[in-house]
Amino acid sequence: YIKMSKLRIASYNILNGGEDRINLLSEVIRDINPDICGILEAVGWDETYKEIFAEKIGFKKFHIGKANSKYNIAIISKVDFEVIDMREHVRHVIVKVLITEGAYNNSVIYFVHLSPINEDDRIKEVQYLLESIDKGSNILIMGDLNSLSPHDSYNKEKLYGMLKKENMVKYGVDQLRFDVVNFLEENNFIDSRIYLKKKFEASVPTPSVKDPHHLYPIRIDYAFAHKDWIKNIKTSDFLKNIKTDKASDHYPIFIDLDK
């Protein structure tokens with residue numbers, strides 16, 4: 001299976017395993033039609049999901065990256081890949097996917113779901129990730145970073161005030177923090193949506209959310225690429241429609257690569 005020079009990669013936080021929404025989630029992923037998709041919060045997923053989920057929607061290859069927590073990351077793919085689950089120094093898991101065929105042979109995607117606790121924990125996780133990262137530039141970092149970007153057009157005082165009122169300190173105690181995104185940028189990784197000059201769009205919440213932690217429209221799901229490789233990214237979008245409004249608390253992000 002090889003699309004010549006194009007590749008679509010998606011990341012989707014499906015909210016706590018998504019068991020009661022599995023058909024809707026299947027439809028969403030079918031609509032995106034990625035070549036590779038990282039499924040975050042694959043809670044309770046095991047090898048049976050290869051048959052009951054992945055193969056049903058046309059994905060022959062399946063991997064379940066078991067997390068230290070219940071928040072596994074599943075990989076479904078139409079292209080061959082090798083995988084390493086990285087569980088040291090992280091709360092959940094980072095899944096390293098090495099593509100082993102086609103135009104993107106030897107390219108690497110790190111699917112991440114950083115700690116929900118605070119920016120100090122997340123900066124440690126992302127430092128560990130960058131220390132472990134392969135040399136070379138054909139690298140993507142994709143997923144739920146649970147972190148804000150300084151490039152997004154928030155009214156920072158207002159957002160900080162609203163979060164503080166809810167006693168929500170995960171994005172900063174005395175002020176909003178942007179350490180994770182800043183750190184990635186300092187280390188030669190570029191946010192694909194900023195690179196493509198996309199206007200701000202929130203990745204959470206969807207209208208189905210009742211969780212007070214996700215009441216304010218923020219962007220915490222990202223696709224970063226190495227600066228020498230970012231030019232291959234032609235699209236970086238969230239799929240927003242009536243299905244994704246209901247399927248999870250996050251919107252899925254997908255990117256198109258074209259050499």
Side-chain angles (χ1 to χ4, degrees), residues 9 11 13 38 40-41 65 67-69 71 73 84-98 107-154 156-157 159-160 163 168-198 200-204 213-214 216 218-233 236 238 250 253 255:
I9 305 169
S11 167
N13 183 328
L40 281 48
E41 294 202 15
N68 298 313
S69 63
Y71 294 115
I73 296 179
I84 294 173
D85 296 330
M86 299 161 61
R87 276 182 290 265
E88 279 178 56
H89 311 297
V90 296
R91 186 179 182 88
H92 304 316
V93 64
I94 294 170
V95 179
K96 175 187 175 182
V97 173
L98 173 72
S107 302
V108 178
I109 310 146
Y110 291 91
F111 286 103
V112 299
H113 183 190
L114 297 185
S115 168
I117 304 301
N118 59 45
E119 199 79 347
D120 288 332
D121 288 2
R122 292 189 286 272
I123 199 80
K124 287 187 193 116
E125 292 179 325
V126 84
Q127 281 168 340
Y128 160 67
L129 170 60
L130 291 193
E131 280 160 20
S132 327
I133 226 154
D134 293 2
K135 294 285 168 273
S137 65
N138 48 347
I139 297 169
L140 297 165
I141 298 171
M142 217 168 158
D144 177 356
L145 300 188
N146 262 317
S147 297
L148 303 175
S149 168
H151 304 296
D152 286 341
S153 53
Y154 302 116
K156 293 185 175 63
E157 283 71 32
L159 178 59
Y160 171 71
L163 294 169
M168 208 187 143
V169 296
K170 70 186 270 191
Y171 303 116
V173 178
D174 303 316
Q175 58 183 31
L176 297 180
R177 289 178 60 182
F178 306 98
D179 309 40
V180 166
V181 169
N182 286 336
F183 184 75
L184 285 167
E185 291 178 344
E186 284 157 17
N187 286 276
N188 300 319
F189 282 88
I190 296 178
D191 176 345
S192 54
R193 285 187 61 84
I194 300 303
Y195 170 76
L196 292 167
K197 298 185 167 57
K198 296 276 185 179
F200 171 76
E201 274 192 64
S203 66
V204 295
H213 284 142
H214 275 335
Y216 308 109
I218 54 176
R219 183 170 71 110
I220 56 176
D221 298 87
Y222 298 86
F224 277 82
H226 191 280
K227 70 172 172 41
D228 297 333
W229 215 57
I230 191 86
K231 62 183 184 297
N232 294 313
I233 298 188
S236 179
F238 299 107
H250 288 244
I253 183 171
I255 59 171

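Numbers here simply count residues along the sequence, with the first being 1.
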Which value, rounded to the nearest 0.5 Å, describes the distance between [X] atom [atom1] and [Y] atom [atom2]?
X: D191; Y: S149; atom1: CG; atom2: OG; value: 5.5 Å
X: I233; Y: I190; atom1: CD1; atom2: CD1; value: 9.5 Å
X: H226; Y: N188; atom1: NE2; atom2: CG; value: 4.5 Å

Check whether [X] reaches the backbone of [Y] with its side chain - one donor and one acceptor, N or O, closer than 3.5 Å.
X: K231; Y: D228; answer: yes
X: Y222; Y: R219; answer: yes
X: N187; Y: F183; answer: yes
X: D152; Y: Y154; answer: no
X: S147; Y: L145; answer: yes
X: S192; Y: F224; answer: no
X: Y160; Y: V173; answer: yes

Legend entry - Salt bridge present between R193 and E201 (N-O < 4.0 angstrom):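 Looking at R193 and E201, the cut-off is met.
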Inset, instruction - Inspect the contact between D85 and K96 and indicate whether a charged nitrogen and a carboxylate oxygen are less than 4.0 angstrom apart. - result: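 Salt bridge flag = no for D85 with K96.
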Would you call [X] and [Y] a side-chain contact if the rule is heavy atoms closer than 4.5 Å?
X: L40; Y: V112; answer: no
X: V180; Y: E119; answer: yes
X: I109; Y: I9; answer: yes

Inset, instruction - Answer with yes or no whether the side chains of S203 and D221 bring together a donor and an acceptor at under 3.5 Å. - result: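 Checked: D221/S203 side chains pair up, N/O donor to acceptor below 3.5 Å.
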Legend entry - side-chain contact (heavy atoms from CB on, under 4.5 Å) evaluation trace for D120 with R177: CA-CA 10 Å; D120 288 332; R177 289 178 60 182; 2.8 Å; yes
Report, one line per pair, each donor and acceptor closer than 3.5 Å where one atom sits in a side chain of residues 125-133; sequence neighbours left out.
unit_1 : atom_1 : unit_2 : atom_2 : d
E125   : OE1    : S115   : N      : 2.8
E125   : OE2    : R91    : N      : 2.8
S132   : OG     : Y128   : O      : 2.5

Inset, instruction - List the steps and the verdict of side-chain contact (heavy atoms from CB on, under 4.5 Å) for D134 and Y110. - result: CA-CA 11 Å; D134 293 2; Y110 291 91; 3.7 Å; yes
Legend entry - Parallel, tilted or perpendicular: ring planes of Y71 versus H92, cut at 30 and 60 degrees: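 Y71 and H92: perpendicular rings.
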Legend entry - Positive for side-chain contact (heavy atoms from CB on, under 4.5 Å) with R122, one of D179, L114, V90: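 It is L114; the other options fail the test.
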